[in-house]
Enquirer: 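The structure follows.
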Amino acid sequence: MEEHVLAAVELATTRPPGHYDTITVRPISPVIGAEVSGLDLADLSDKQLAEIRHAFLAHHVLVFRDQVLSAEEHKRFARHFGELRQQPLADLDGGDPAILEISAGPNSRFVAGEDWHTDGTAEAEPSLGSMLYVTQTPEIGVGGDTLWANMHLAYEMLSPPMRAFLDGLTAIHDGLIPWQGHTPPPEYVVPKSEHPVVVRHPETGRRLLFVNAGFTSHIVQLSRVESRALLDMLFGWVAQQPILSCRVRWTPNTLVFWDNRCTQHHAVWDYYPHSRYGQRVTINGGRPTG
């Protein structure tokens, strides 16, 4: 690796570990993700919540296994971190507007999240994060893993001249991109927003790369050809650098809580024609700032 890449990775892997009195936190990889145990998400103390918050900012992706939660308990846990996002199309099927069902089975022709992306960046105020609670995993016992990538490290591993160039740019995030090949319902108001290419995490102040293949259409200050070339490089940078990511293998009754402000994720659909089912609750965030 080049020296600036080695320096970024070394810094990311030597950040001081947190101290926890009421929970156990075991990192999944040196740079992102941790499994949290020794607690019941349906019955948390104030100290446990405080330590979860600390672990969330330190690891960006938290995995809680063997949790038995009702829909109300799932939402109650999420509300400790902010207001819940109401799904824009939930009223069409009479479902709970705070819960998005994530399911795939033998009749599925595609699944959401197959490519690297950050949820909802076309919104003016993308989410703080999401909690996906998976209760059914593929019957064969394997498949359906999810990968998460650290976008702080994705930015820090770029060369200093590239970081300096990106710092002054903005990009358009278009909600039509995920619908390519399909027609959104007429009731759906398609979002489109302009965000900095490099933003600061609102709680830690740490810089990160804020473009993704799922929603970013073009960079405002560049020509069409220049924008396409740069975005393709940045999208590939995330997809082709395994050191940026962790891989979570789902087991029944696992909840994963991820920071949507500084991660991308990729849902692996390698279990067709088998089934997987979960419910996702999303927490409102704010406007990204550089």
Side-chain angles (χ1 to χ4, degrees), residues 20-28 32-87 89-91 93-105 111-113 119-120 127-139 141-148 246-261 263 265 267-268 271 274-285:
Y20 303 96
D21 295 319
T22 64
I23 61 176
T24 299
V25 179
R26 298 191 313 275
I28 299 171
I32 185 171
E35 296 223 9
V36 182
S37 58
L39 76 176
D40 177 358
L41 294 180
D43 185 20
L44 293 169
S45 68
D46 291 341
K47 182 66 177 293
Q48 286 176 321
L49 275 169
E51 293 193 339
I52 290 171
R53 290 178 187 276
H54 181 84
F56 180 63
L57 293 178
H59 297 281
H60 319 311
V61 178
L62 300 182
V63 181
F64 305 88
R65 299 197 184 275
D66 302 318
Q67 300 292 324
V68 179
L69 299 170
S70 68
E72 290 305 314
E73 289 167 337
H74 185 181
K75 291 189 292 183
R76 184 171 71 231
F77 176 43
R79 285 194 188 98
H80 288 296
F81 298 87
E83 179 181 317
L84 303 190
R85 175 153 296 184
Q86 306 300 298
Q87 305 301 326
L89 302 179
D91 291 341
D93 58 11
D96 186 326
I99 293 178
L100 178 66
E101 294 188 341
I102 306 291
S103 64
V111 297
D119 290 337
S127 69
L128 176 150
S130 290
M131 296 180 177
L132 176 57
Y133 179 48
V134 168
T135 52
Q136 179 187 354
T137 55
E139 304 92 291
V142 293
D145 297 355
T146 303
L147 290 80
W148 276 270
C246 68
R247 186 177 186 119
V248 174
R249 172 159 290 180
W250 295 93
T251 53
N253 298 330
T254 294
L255 184 144
V256 176
F257 177 25
W258 69 91
D259 193 333
N260 199 53
R261 301 166 295 186
T263 66
H265 58 281
V268 180
Y271 51 94
H274 300 282
S275 301
R276 192 184 77 159
Y277 177 81
Q279 295 184 337
R280 191 183 78 191
V281 170
T282 297
I283 302 157
N284 285 340

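This is a predicted model, so every value here is computed, not measured. Hydrogens, waters and symmetry mates are skipped; everything else that's a heavy atom, side chains included, is used. Heads up: numbering here begins at 1 and tracks the sequence.
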Enquirer: Rounded to the nearest 0.5 Å, what separates atom CG in L62 from atom CD1 in I28?
Expert: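 These two atoms lie 8.5 Å from each other.
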Enquirer: Is any side-chain heavy atom of R76 less than 4.5 Å from a side-chain heavy atom of E72?
Expert: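 Answer no - side chains too far apart.
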Enquirer: Counting distance only, does the side-chain N/O of Q67 pair as donor-acceptor with the main-chain N or O of R65 below 3.5 Å?
Expert: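 Checked: pair present.
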Enquirer: Return the CH2 to CD1 distance between W258 and I32, rounded to the nearest 0.5 Å.
Expert: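 That separation rounds to 12.0 Å.
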Enquirer: Would you check if E35 and V248 make a side-chain contact, meaning some heavy-atom pair closer than 4.5 Å?
Expert: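 No. Closest side-chain heavy atoms not under 4.5 Å.
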Enquirer: How far apart are the closest heavy atoms of G82 and I283, and which atoms are they?
Expert: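 Reported closest heavy-atom pair: CA-CG2, 3.7 Å.
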Enquirer: Can you name the nearest heavy-atom pair linking G33 to C246, along with the distance?
Expert: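 Of all heavy-atom pairs spanning G33 and C246, the closest is CA-SG, 4.1 Å.
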Enquirer: With side chains defined as the heavy atoms from C-beta onward, is the minimum distance between V61 and H265 less than 4.5 Å?
Expert: no
Enquirer: I'd like to check the ring pair (Phe, Tyr, Trp, His ring centres under 6.0 Å) partners of H74; sequence neighbours left out, ordered by chain and number.
Expert: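 Here the qualifying residues are Y133.
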Enquirer: What is the minimum heavy-atom distance between S127 and R261, and which atoms define it?
Expert: O-CG, 3.8 Å
Enquirer: Are F77 and V281 close enough that some pair of their side-chain heavy atoms sits under 4.5 Å apart?
Expert: no
Enquirer: Which residues satisfy the side-chain hydrogen bond (donor to acceptor under 3.5 Å, both in side chains) test with T137, sequence neighbours excluded?
Expert: none
Enquirer: I'd like to check the salt bridge (Lys or Arg N to Asp or Glu O under 4.0 Å) partners of R53; sequence neighbours left out, ordered by chain and number.
Expert: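 In terms of salt bridge (Lys or Arg N to Asp or Glu O under 4.0 Å), with neighbours along the sequence ignored, R53 is linked to no residue.
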Enquirer: Once you round to the nearest 0.5 Å, how far does CG of L128 lie from CG of N260?
Expert: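 The CG atom of N260 is 8.5 Å from CG of L128, to the nearest 0.5 Å.
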Enquirer: Show the numbers, then the answer: is there a side chain to side chain contact (heavy atoms under 4.5 Å, CB included) between S130 and R85?
Expert: CA-CA 10 Å; S130 290; R85 175 153 296 184; over 6 Å; no
Enquirer: Go through the structure and list residues passing side chain to side chain contact (heavy atoms under 4.5 Å, CB included) with D66, not counting sequence neighbours.
Expert: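 D66 satisfies side chain to side chain contact (heavy atoms under 4.5 Å, CB included) with no residue once adjacent residues are dropped.
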Enquirer: Looking at D21, I want to see if its CG is surrounded by more than 12 non-hydrogen atoms of other residues, nucleotides or ligands under 6.0 Å.
Expert: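 Count over threshold, so yes.
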Enquirer: Locate the shortest heavy-atom distance separating G143 from Y271; write the atom from each residue and the value.
Expert: C-CD2, 4.1 Å
Enquirer: Measure across A71 and I99 and return the closest heavy-atom pair with its distance rounded to 0.1 Å.
Expert: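 Distance-wise, the nearest heavy atoms are CB-CD1, 3.7 Å.
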Enquirer: After noting the C-alpha distance and the side-chain angles of Y20 and V36, does the key distance pass the side chain to side chain contact (heavy atoms under 4.5 Å, CB included) rule?
Expert: CA-CA 11 Å; Y20 303 96; V36 182; over 6 Å; no
Enquirer: Would you sort out whether V25 and H54 count as a side chain to side chain contact (heavy atoms under 4.5 Å, CB included), showing the intermediate values?
Expert: CA-CA 11 Å; V25 179; H54 181 84; over 6 Å; no
Enquirer: For the NZ atom of K47 and the OG1 atom of T22, what is their distance to the nearest 0.5 Å?
Expert: 6.0 Å
Enquirer: Let's go through T254 and R249 carefully: what are the C-alpha distance in whole Å and the side-chain angles of both, what is the deciding distance for side chain to side chain contact (heavy atoms under 4.5 Å, CB included) to 0.1 Å, and is it a yes or a no?
Expert: CA-CA 9 Å; T254 294; R249 172 159 290 180; over 6 Å; no
Enquirer: Looking at R280 and D119, is any side-chain nitrogen of the basic one under 4.0 Å from a carboxylate oxygen of the acidic one?
Expert: yes
Enquirer: Can you confirm whether E73 sits close enough to D43 that some side-chain heavy atom of one is under 4.5 Å from a side-chain heavy atom of the other?
Expert: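 Side-chain contact under 4.5 Å: no.
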Enquirer: Within the structure provided, determine whether Q136 and S103 are in side-chain contact (heavy-atom separation under 4.5 Å).
Expert: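 The answer is no, as the side chains (C-beta and beyond) never meet within the 4.5 Å cut-off.
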Enquirer: Which heavy atom in R276 sits nearest to a heavy atom in G144, and how many Å separate them?
Expert: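 In terms of heavy atoms, the two residues are closest at NH1-O, 2.8 Å.
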Enquirer: Quick check: W148 with H60 (ring centres under 6.0 Å apart)?
Expert: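 Ring centroids of H60 and W148 are no less than 6.0 Å from each other.
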Enquirer: By side-chain hydrogen bond (donor to acceptor under 3.5 Å, both in side chains), which residues pair with E139, not counting sequence neighbours?
Expert: none
Enquirer: What pairs with F56 under ring pair (Phe, Tyr, Trp, His ring centres under 6.0 Å), at least two apart in sequence or on another chain?
Expert: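 Ring pair (Phe, Tyr, Trp, His ring centres under 6.0 Å) list for F56, sorted by chain: F257.
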Enquirer: Could you tell me whether the side chain of L132 reaches within less than 4.5 Å of the side chain of T146, counting heavy atoms only?
Expert: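 When only atoms from C-beta onward are counted, L132 and T146 do not touch, as no gap falls below 4.5 Å.
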Enquirer: What's the separation between atom CD in E83 and atom CG in N284, rounded to the nearest 0.5 Å?
Expert: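 The CD atom of E83 sits 5.0 Å away from the CG atom of N284.
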Enquirer: Side chains of I52 and L39: does their closest heavy-atom pair fall under 4.5 Å?
Expert: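 They are in contact (side-chain heavy atoms under 4.5 Å apart), so the answer is yes.
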